[in-house]
Amino acid sequence: MSKNYVNPTKVITGKETRWSYANVWEPKSINGSTPKYSVSLIIPKADTITVEKIKNAIKAAYDDGQPKLKGNGKSVPALSVLKTPLRDGDLERPDDDAYKNSYFINANSTTAPGIVDADRQPVIDRSEVYSDVYGRASINFYAYNANGNKGIACGLNNLQKIRDGEPLGGKSRAEDDFDIDDDDDFLS
């Protein structure tokens, strides 16, 4: 593949993408399924460039996957009736402030994502990547047709941590809780 090849189903999200449910170090099985690495990517609606790239990649995955989506049927279902990974946080998670004015995508993979920092150096300390950091994600979209379910899914490629964020769900980090000076009277 030439270096100039552009994959229309691949997207690199913007730097304001927030990671939630970051399960990127060890694969986990859900209800006995194949263990996977996963992350929920919260994308601000204001990041119109990333949102548009995602919509275009979903359309490209639909176009590429028409034979799979048709299956044994006579026709390919319209994209508008298929399940797609771009979801509206205001509609689906109205009580969760982390998803306010945002879209979200659940991305997963059976192989571990590469994880780098803002300087593109590998992140080795697992405590650096958790559910509330901001960063970019390399994701790809593809069609699926399994057990009567058809749609477009999102694969997780790689992650780049840009900066720390406020913990989701109001939970503080241990490093922050115990960041006290020796002079402080921690019993008061």
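Taking every heavy atom of both residues into account, D125 and S127 meet most closely at OD1-OG, 2.8 Å. What you find for G14 and D47 is that their closest heavy atoms are CA-OD2, 3.6 Å. Taking every heavy atom of both residues into account, A112 and Y37 meet most closely at N-CE1, 3.2 Å. Scanning both residues, I139 and A107, for their nearest heavy atoms gives CG2-CB, 4.0 Å. Of all the heavy atoms in G65 and A143, the pair that sits closest is CA-CB, 3.7 Å. Of all non-hydrogen atoms in A22 and S131, the two that sit nearest each other are N-OG, 2.9 Å.
Residue F141 is grouped with residue L79 when hydrophobic side chains (ILVMFWY) are merged at heavy-atom distances under 4.5 angstrom, including chains of intermediate members. Both V123 and V133 belong to a common hydrophobic cluster when Ile, Leu, Val, Met, Phe, Trp and Tyr are linked at side-chain heavy-atom distances under 4.5 angstrom. V39 is not connected to V116 by any chain of hydrophobic side-chain contacts under 4.5 Å among Ile, Leu, Val, Met, Phe, Trp and Tyr, and they are in different clusters.
Residues satisfying the side-chain contact (heavy atoms from CB on, under 4.5 Å) criterion with S102, sequence neighbours excluded, are I42. In this structure T9 satisfies the side chain to side chain donor-acceptor pair (under 3.5 Å) test together with N7, sequence neighbours excluded.
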Pairs of donor and acceptor atoms involving the side chains of residues 146-159, under 3.5 Å and at least two apart or interchain, shall be tabulated with distances.
unit_1	atom_1	unit_2	atom_2	d
K150	NZ	L69	O	3.0
N157	ND2	S138	OG	3.2
N158	OD1	G114	N	2.9

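K161 and D164 are joined by a salt bridge, as a carboxylate oxygen and a charged side-chain nitrogen come within less than 4.0 angstrom of each other. Salt bridge status for R126 with E26: present, with a side-chain N to carboxylate O gap under 4.0 Å.
Judged by distance alone, the side chains of Y21 and N106 never bring a donor and an acceptor atom under 3.5 Å apart. Remark: the K68 side chain and the N145 side chain contain no N/O donor-acceptor pair separated by less than 3.5 Å.
One distance of note links CG of L41 with CG of L86; it measures 11.0 Å at 0.5 Å rounding. Between atom CG of residue D88 and atom CZ of residue F104 there is a gap of 8.5 Å, rounded to the nearest 0.5 Å. Atoms CD1 and OG1, from I54 and T84 in turn, are 10.5 Å apart once rounded to the nearest 0.5 Å. Once rounded to the nearest 0.5 Å, the distance linking NZ of K53 with OG1 of T13 reads 7.5 Å. Atom CD1 of I115 is separated from atom CD1 of I124 by 11.0 Å, given to the nearest 0.5 angstrom.
The closest side-chain heavy-atom distance from Y62 to L82 is below 4.5 Å. Between S40 and Y99 there is a side-chain heavy-atom pair separated by less than 4.5 Å. Residues N56 and K59 form no side-chain contact, since every pair of their non-hydrogen atoms from C-beta on lies 4.5 Å or further apart. Between N140 and V11 there is no side-chain heavy-atom pair separated by less than 4.5 Å.
Under the 6.0 Å distance and 45° angle rule, K45 counts as a cation-pi partner of Y103.
Within the 3.5 Å criterion, the main-chain N or O of I30 finds a donor-acceptor partner in the side chain of S33.
Open room surrounds NZ on K36; 12 or fewer heavy atoms of other groups in view lie less than 6.0 Å from it.
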query: Would D90 and K100 count as a side-chain contact (heavy atoms from CB on, under 4.5 Å) if you check the C-alpha gap in whole Å, the side-chain angles of each, and the deciding distance to 0.1 Å?
result: CA-CA 5 Å; D90 292 320; K100 190 175 186 155; 4.0 Å; yes

task: Could you go through the salt bridge (Lys or Arg N to Asp or Glu O under 4.0 Å) check for E16 and R136 one step at a time?
output: CA-CA 8 Å; E16 292 302 310; R136 302 187 319 166; over 6 Å; no

